[in-house]
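Only a predicted model underlies this, so the values are computations on that prediction, with no experimental measurement involved. First listed ligand is number 1; within each ligand, the first listed atom is number 1.
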Amino acid sequence: MSAPTTIEWTEEFSRAVHRLIDVSVDDYYNPYRTFQWPESIEPKDLWMSRELLSVHGTPAEHELSREQLIELSRWESVNLYSLIAHGIRELLIEVMRRIHTPGYEIPTPYFHHFIGEENEHMWFFAEFCLRYAGRIYPDRRMVFPTDDRSPEMNNFIVFSQILIFEQIGDYFNAKMAADENLPETVREVNRIHHRDESRHIAFGGKLVSALFDEVRRKHSAEEIEEVARYLRGYIDLIIQMLYSREAYQDAGIPNPARFRAAVIADPARAAITARITKRTNHFYRRIGLFR
Ligand SMILES: [Fe+2]
Ligand SMILES: [Fe+2]
């Protein structure tokens, strides 16, 4: 079921949509020809920047051998790309529900670009995992809210979840694109994704701000506080999914469940989590949802 919106889109929003469409058209590439896909990727090097590994800052980072860190970097990158691929499927379903429905006439032209680009992202992240690791990790559900909330609240939550997911993913993509120590194929998928996502995140920020204005007009302070708690929980959920028991297991770490619990609880991780979520928290403070 789609959730109609009665939002009044501003002139500024409409202009931004057209600007982003122009950039999408100019930046358009054929993903099926863009990547070289070498036979294999250098197994001697890290596949994920050291400071992005889930063990970074914890005692485990120094207890693991160089070979184990490299193995972990391979499986944690597979975990990240699997999360992205599954997350894209879920967000595409939600955008598909709304394109060309009443109230979405203004953002709909951009939805076409968004849907097309996300389909291609899902393809190249899955392709990377299947080619170089032989598998994609199974779906950990990114739960979107059911229709028991008001349409405007539902819309605000859905597009917030898309924005949060894209902002956190982009933290990793931008860093890996810039890391000269990573294999070129790894840098390339991250670089291309980062370029497209900068447009999606700009669009998402404007869309979520507009949806929040509508929520604020129609809901009490208590209801708004409840949705703030819900979105904080969603941010925590994404952070927790970055600590993958399967990745620890595939990297050959004994007792991966206990290892995961220890790494998540390590006090050194709090400052790193704060960096990963900084842009998101800043955005929600700016629009007035988080304090
Ligand atoms: Fe994407
Ligand atoms: Fe995106």
Side-chain angles (χ1 to χ4, degrees), residues 13 16-17 19-32 34-35 48 52 77-99 104 107-130 136-137 139-142 144 155-178 185-211 231 234-235 237-238 241-242 276-277 279-280 283-284:
F13 180 85
V17 164
R19 262 197 320 272
L20 287 166
I21 290 172
D22 288 344
V23 184
S24 268
V25 171
D26 288 344
D27 263 12
Y28 193 68
Y29 56 92
N30 181 341
Y32 308 103
T34 296
F35 298 95
M48 188 182 237
L52 298 178
S77 61
V78 169
N79 178 59
L80 176 69
Y81 305 152
S82 300
L83 276 178
I84 293 177
H86 292 307
I88 289 172
R89 182 188 54 251
E90 302 304 311
L91 67 82
L92 278 176
I93 289 169
E94 296 299 331
V95 176
M96 285 288 194
R97 281 183 208 275
R98 289 167 175 82
I99 187 168
Y104 283 103
T108 278
Y110 188 69
F111 285 163
H112 281 288
H113 293 273
F114 181 91
I115 291 166
E117 289 164 12
E118 289 300 355
N119 174 54
E120 292 163 359
H121 301 164
M122 186 163 45
W123 175 75
F124 66 68
F125 282 118
E127 187 70 11
F128 183 100
C129 293
L130 294 171
I136 298 178
Y137 284 154
D139 187 14
R140 264 66 49 91
R141 290 213 73 81
M142 316 274 278
F144 285 101
N155 289 327
F156 173 66
I157 290 175
V158 162
F159 285 103
S160 283
Q161 292 189 161
I162 293 173
L163 179 64
I164 292 166
F165 165 75
E166 294 196 318
Q167 286 175 332
I168 292 177
D170 193 53
Y171 178 86
F172 286 80
N173 296 147
K175 289 216 178 305
M176 290 207 273
T185 305
V186 170
R187 293 185 68 192
E188 191 179 35
V189 290
N190 283 282
R191 182 168 62 237
I192 289 174
H193 196 231
H194 171 59
R195 198 177 62 184
D196 289 347
E197 288 307 298
S198 56
R199 295 191 301 276
H200 295 185
I201 290 168
F203 171 77
K206 292 187 190 309
L207 183 63
V208 167
S209 300
L211 293 168
L231 290 181
Y234 180 75
I235 294 170
L237 180 74
I238 294 187
M241 289 193 295
L242 297 168
I276 297 171
T277 56
R279 179 156 53 155
T280 300
F283 171 80
Y284 282 102

*Asks:* Strictly under 2.8 Å, is the Fe ion (ligand 2) approached by any N, O or S atom of Glu118?
*Replies:* yes

*Asks:* Examine Asp196 and say whether one of its N/O/S atoms is closer to the Fe ion (ligand 2) than 2.8 Å.
*Replies:* no

*Asks:* Test the Lys206-Phe203 pair against the cation-pi criterion, namely NZ or CZ under 6.0 angstrom from the six-membered ring centroid and within 45° of the ring axis.
*Replies:* no

*Asks:* Specify which N/O/S atom of Glu166 comes nearest to the Fe ion (ligand 2), by atom name.
*Replies:* OE2

*Asks:* Does any N, O or S atom in Glu197 come within less than 2.8 Å of the Fe ion (ligand 1)?
*Replies:* yes

*Asks:* Minimum heavy-atom separation for Arg187 and Met176, please, with both atom names.
*Replies:* CG-O, 3.6 Å

*Asks:* About how many Å separate CZ of Phe156 and CG of Leu231, when rounded to the nearest 0.5 Å?
*Replies:* 5.5 Å

*Asks:* Just by distance, with hydrogens left out, do His194 and Arg191 show a side-chain donor and acceptor under 3.5 Å apart?
*Replies:* no

*Asks:* Excluding sequence neighbours, so at least two apart, what forms ring pair (Phe, Tyr, Trp, His ring centres under 6.0 Å) with Tyr284?
*Replies:* Phe290

*Asks:* Any N/O/S of His200 under 2.8 Å from the Fe ion (ligand 1)?
*Replies:* no

*Asks:* Tell me which N, O or S atom of His121 sits nearest to the Fe ion (ligand 1).
*Replies:* ND1

